[in-house]
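Reminder, nothing fancy here: chain letters follow the sequence lines and each chain counts from 1. All figures in this text were calculated on a predicted structure; none of them were measured in a lab.
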Protein chains: 2
Amino acid sequence: MDTSKNISEALKRAGYKLTAPRKAIVQVLEKGGDHLSSSEVLTLGRQIYPLLSRATVYRTLELLTTLGLIRPILLRDAAQRYVTGEGGHHHLLCRECGAVFEFERCGAEQLAAELAERFDFQIRGHLLEFYGICRNCQTDD
Amino acid sequence: MDTSKNISEALKRAGYKLTAPRKAIVQVLEKGGDHLSSSEVLTLGRQIYPLLSRATVYRTLELLTTLGLIRPILLRDAAQRYVTGEGGHHHLLCRECGAVFEFERCGAEQLAAELAERFDFQIRGHLLEFYGICRNCQTDD
DNA sequence: ATGTAATTGAGACAAATTCTCATTTCGGCT
DNA sequence: AGCCGAAATGAGAATTTGTCTCAATTACAT
């Protein structure tokens, strides 16, 4: 699990080429805030590197995910969305209005250790999301 | 959080009509095992109710999700997949080969209670997934 | 500078999801 | 038992998302 936000460094360290398209995508992910979808990454990435192709975005997002540098999350969309950093924050999602709340500490470390042992699995990160009804929507209907 | 598996009952209780298409979909979800995608639900559902339309499957899955009766999970697919029951099991996903391991107890109850209070949020369920490298893939490459 | 394997772009292709709207159906109410 | 209105549905078009192929380009070790 990489604690620094420097995705480029990690990519290089893992033996991958640091190409212009990848730099653009990484820049978008690091600066562009969280919860970006593939097509948002494409649009924003083209502002930096206009030739950027859809396929490259998908390929790069998959690569970064496999390396554990970003992780997918489940929002309301059809589209897959990503956040940077494995240790990062987690979400509460309102199923009524789609609002997203964030929290930091999740205390899954101990469980992670148990599971790693039990399944002989090298855990690199995790996703924790809570679903329910937010304050506003509780008063509606 | 509904502990019984009786989704139909819960639907009715929430004031929704219990139509033939919905019954078919619910039957598929309850008997058909977990990790079903929309198109699998469609195919299986048509064995019960041949007229079943794709749109209805999507609409119903969304409704059941909003009600907290099923929940989406993140596997490797492009397609969204669902599991029944909020309290259900959770996953370890191998980022190398896509293998899925399941575990039951996750101990998120206390955190859930804290967050519910802090955000004034009515929590109905949650998703917890761990990512990493499975036993087999650790020895490869 | 050069060679080579990795990476890319473009666009066809495929799959997943959403939308529209005319028609049907559930279930409360006589 | 039949009626009514709102809710739900089917069909298929439209849109969005994701995958694939292959010739051309590029990073980077030497």
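Using a 4.0 Å heavy-atom distance criterion, B:S38 is classed as a sugar-phosphate-only contact. Residue A:A79 is in sugar-phosphate contact alone, with no base atom involved, counting any heavy-atom pair closer than 4.0 Å across all strands shown.
Look at B:S53 and you won't find any side-chain N or O under 4.0 angstrom from OP1 or OP2 of D:dA11. Side-chain N/O atoms of A:Y58 include one lying less than 4.0 angstrom from OP1 or OP2 on D:dG18. Contact annotation: B:Y49 reaches the phosphate of D:dG10 (side-chain N/O to OP1 or OP2, under 4.0 Å). Dashed line: the shortest gap from a side-chain N or O of B:R22 to OP1 or OP2 of D:dA8 is under 4.0 Å.
Relative orientation of the B:F101 and A:F121 rings is perpendicular, given thresholds of 30° and 60° on the angle between their planes. Note: B:H126 and A:F130 have tilted aromatic rings, judged against thresholds of 30 and 60 degrees for the angle between ring planes.
Going from atom CG of B:L11 over to atom C1' of D:dT9 covers 15 Å, rounded to whole Å. Nucleotide D:dA8 holds its P atom 14 Å from the NZ atom of B:K23, rounded to whole Å. At whole-Å resolution of the value, CG in B:L52 and P in D:dG12 are 14 Å apart. In this entry the distance linking CG of A:L51 with C1' of D:dT26 reads 13 Å, nearest Å. Distance CZ (B:R54) to C1' (D:dA8): 18 Å, rounded to an integer number of Å.
For the helix from C:dA1-D:dT30 to C:dT30-D:dA1, the end axes, each set by the C1' atoms of five terminal pairs, are bent relative to each other by 40° (nearest 10°).
No side-chain donor from either of A:Y82 and A:Q80 sits under 3.5 Å from a side-chain acceptor of the other.
Between A:L61 and A:S38, some side-chain heavy-atom pair lies under the 4.5 Å cut-off.
Residue B:R46 is the one, among B:R46 and A:S37, whose nearest nucleotide of DNA chain D lies closer to the 5' end (criterion: closest heavy atom).
Minimum atom distance to the side chain of A:K17 is reached by D:dA27, of the listed D:dA27, D:dG12, D:dA6. Considering only the side chain of A:T19, D:dA27 comes nearest among D:dG18, D:dA27, D:dT9. Side-chain proximity of A:S39 to the nucleotides D:dT17, D:dC28, D:dG10 is greatest for D:dT17.
More than 12 heavy atoms of other shown residues, nucleotides or ligands fall within 6.0 angstrom of atom CD in B:Q122.
When hydrophobic clusters are built by joining Ile, Leu, Val, Met, Phe, Trp and Tyr residues whose side-chain heavy atoms come closer than 4.5 Å, directly or via intermediates, B:L67 is grouped together with B:V41. Cluster membership for B:I133 and A:I70, using ILVMFWY side-chain heavy atoms within less than 4.5 angstrom, is not shared.
Between the side chain of B:R59 and the base of D:dG10, a donor-acceptor pair under 3.5 Å is found.
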Can you give me every donor-acceptor pair (side chain of residues 72-79 of chain B, partner residue at least two apart or in another chain, under 3.5 Å) with its distance?
residue, atom, partner, partner atom, Å
B:R76, NH2, B:R95, O, 2.3
B:D77, OD2, B:R81, NE, 2.6

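A donor-acceptor contact shorter than 3.5 Å links the side chain of A:T60 to the backbone of A:T56. No donor-acceptor pair closer than 3.5 Å links the side chain of A:H91 to the backbone N or O of A:V100.
When DNA chain C is scanned in the 5' to 3' direction for atoms under 4.0 Å from non-hydrogen atoms of chain B, the outermost contacting nucleotides are C:dA16 to C:dG27.
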